[in-house]
Amino acid sequence: MKILKTKFKGTFKIKHKKNFDKRGYFVRDFCKETFKKKNIKFEVKQTNFSYNKKMATLRGFHYQKKPFSEAKIVSCLKGKLLLVLLNVNKSSKNYLKHIKFVLKENDNTSILISKECATAFLTLKKNTLVLYYMSDIYKKNKGIGIRYNDPKLNLKWPVKPKIISVRDNNFTNLE
């Protein structure tokens with residue numbers, strides 16, 4: 001497992017190593033000891049799957065405010081998606097800046113997302129399955145969001161989002 005820094009503090013790209021034999025392959029997806037060696041603190045408290053039937057399904061931008069902020073490790077198990085991380089820490093030099101990652105099945109990549117980021121993704125293939133490891137338990141009444149097409153973000157999506165939840169569509173724009 002290789003852990004690579006990104007331009008956001010506490011956010012890393014994780015490249016997994018596949019070990020092949022006649023049965024198929026084996027991948028270590030998470031290793032607390034490897035993280036510890038890199039001085040990364042991440043405790044899995046919850047895991048989630050997100051199955052998305054249609055291409056151009058958008059989820060996000062989601063996050064929880066302090067002290068309920070949660071770090072995440074996101075992987076694409078099937079299909080393909082664009083993962084967008086938005087820095088929501090007002091004291092950061094990267095406040096309201098974003099970084100993008102394309103994740104797809106068999107690319108052996110996960111993204112460890114800092115607690116300072118809101119996350120959104122757009123599916124680029126139908127039947128996309130996403131796995132999340134969460135550093136904290138989801139608290140429905142603490143979750144908030146930012147509108148995916150807020151003009152302040154100046155964010156270009158590769159395809160127009162077609163499937164969006166009522167909740168995500170009703171997030172307000174930043175002031």
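All values below were derived from every heavy atom in this structure, side-chain atoms included, with hydrogens, water molecules and symmetry-related copies excluded. Worth saying up front: this structure is predicted, and the values here are computed from it rather than measured.
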Please name the pair of heavy atoms, one in [X] and one in [Y], separated by the smallest distance, quoted to 0.1 Å.
X      : Y      : result
Phe121 : Leu83  : CB-CA, 4.1 Å
Phe61  : Ala118 : CD2-O, 3.9 Å
Pro158 : Leu122 : CD-CD2, 4.1 Å

Linking I/L/V/M/F/W/Y whenever their side-chain heavy atoms sit closer than 4.5 Å, directly or via other members, would [X] and [Y] fall into one cluster?
X      : Y      : value
Ile3   : Val44  : yes
Leu82  : Ile146 : yes
Leu129 : Leu81  : no
Tyr63  : Ile164 : yes

Rounded to the nearest 0.5 Å, how far does [atom2] of [Y] lie from [atom1] of [X]?
X      : Y      : atom1 : atom2 : answer
Leu58  : Lys160 : CG    : NZ    : 12.5 Å
Ile73  : Leu131 : CD1   : CG    : 9.0 Å
Trp157 : Leu124 : CH2   : CG    : 10.0 Å
Leu174 : Leu86  : CG    : CG    : 7.5 Å
Asn108 : Cys76  : CG    : SG    : 11.5 Å
Ser91  : Glu116 : OG    : CD    : 7.0 Å

- Using the ring-ring contact (aromatic ring centres under 6.0 Å, His included) rule, take Phe35 and Phe30 through it: C-alpha gap first, then chi angles, then the decisive distance, then the call. CA-CA 9 Å; Phe35 279 36; Phe30 176 80; 5.2 Å; yes
- Item | Residues forming a side-chain contact (heavy atoms from CB on, under 4.5 Å) with Lys36, sequence neighbours excluded | Glu33
- Note on the structure: Contacts of Met55 meeting side-chain contact (heavy atoms from CB on, under 4.5 Å) (sequence neighbours excluded), chain-then-number -> Val159
Set of residues satisfying side-chain hydrogen bond (donor to acceptor under 3.5 Å, both in side chains) with respect to [X], sequence neighbours excluded:
X      : result
Asn127 : Tyr51
Thr172 : none
His98  : none
Gln46  : Asn48

- Kindly indicate, with the supporting measurements, whether the criterion side-chain contact (heavy atoms from CB on, under 4.5 Å) is fulfilled by Asn149 and Leu155. CA-CA 7 Å; Asn149 59 355; Leu155 184 61; over 6 Å; no
Is any side-chain heavy atom of [X] less than 4.5 Å from a side-chain heavy atom of [Y]?
X      : Y      : result
Glu43  : Ser135 : no
Asn169 : Tyr148 : yes
Lys45  : Tyr133 : no
Phe49  : Leu77  : yes
Tyr95  : Asn89  : no
Leu96  : Asn87  : no
Thr47  : Met134 : no
Leu112 : Phe42  : yes

- Side chain of Thr123, backbone of Ala56: donor and acceptor closer than 3.5 Å? yes
- Whether Asn52 side chain and Thr57 backbone form a donor-acceptor pair below 3.5 Å: no
- Task: Please name all residues satisfying ring-ring contact (aromatic ring centres under 6.0 Å, His included) with Phe101, sequence neighbours left out, ordered by chain then number.
- Result: none
- Sequence neighbours left out, what passes ring-ring contact (aromatic ring centres under 6.0 Å, His included) with Tyr25? Give chain and number order. Phe20
Under 3.5 Å, is there a donor-acceptor pair linking the side chains of [X] and [Y]?
X      : Y      : value
Ser110 : Ser75  : yes
Asn154 : Lys156 : yes
Ser50  : Arg59  : yes

Which residue pairs pass the salt bridge (Lys or Arg N to Asp or Glu O under 4.0 Å) test with at least one member in [range], sequence neighbours excluded?
range            : value
residues 77-104  : none
residues 18-32   : Asp21-Arg23
residues 121-148 : Asp136-Lys139

Can you give the donor-acceptor pairs under 3.5 Å from side chains of residues 7-15 to other protein atoms, not counting sequence neighbours?
{"unit_1": "Thr11", "atom_1": "OG1", "unit_2": "Ser114", "atom_2": "N", "d": "3.1"}
{"unit_1": "Lys15", "atom_1": "NZ", "unit_2": "Asp107", "atom_2": "O", "d": "3.1"}
{"unit_1": "Lys15", "atom_1": "NZ", "unit_2": "Thr109", "atom_2": "OG1", "d": "2.8"}

- Please walk me through it: do Thr119 and Val84 pass side-chain contact (heavy atoms from CB on, under 4.5 Å)? CA-CA 6 Å; Thr119 60; Val84 183; over 6 Å; no
- Task: Check the angle between the aromatic planes of Phe171 and His62 and answer parallel, tilted or perpendicular using the 30° and 60° thresholds.
- Result: perpendicular
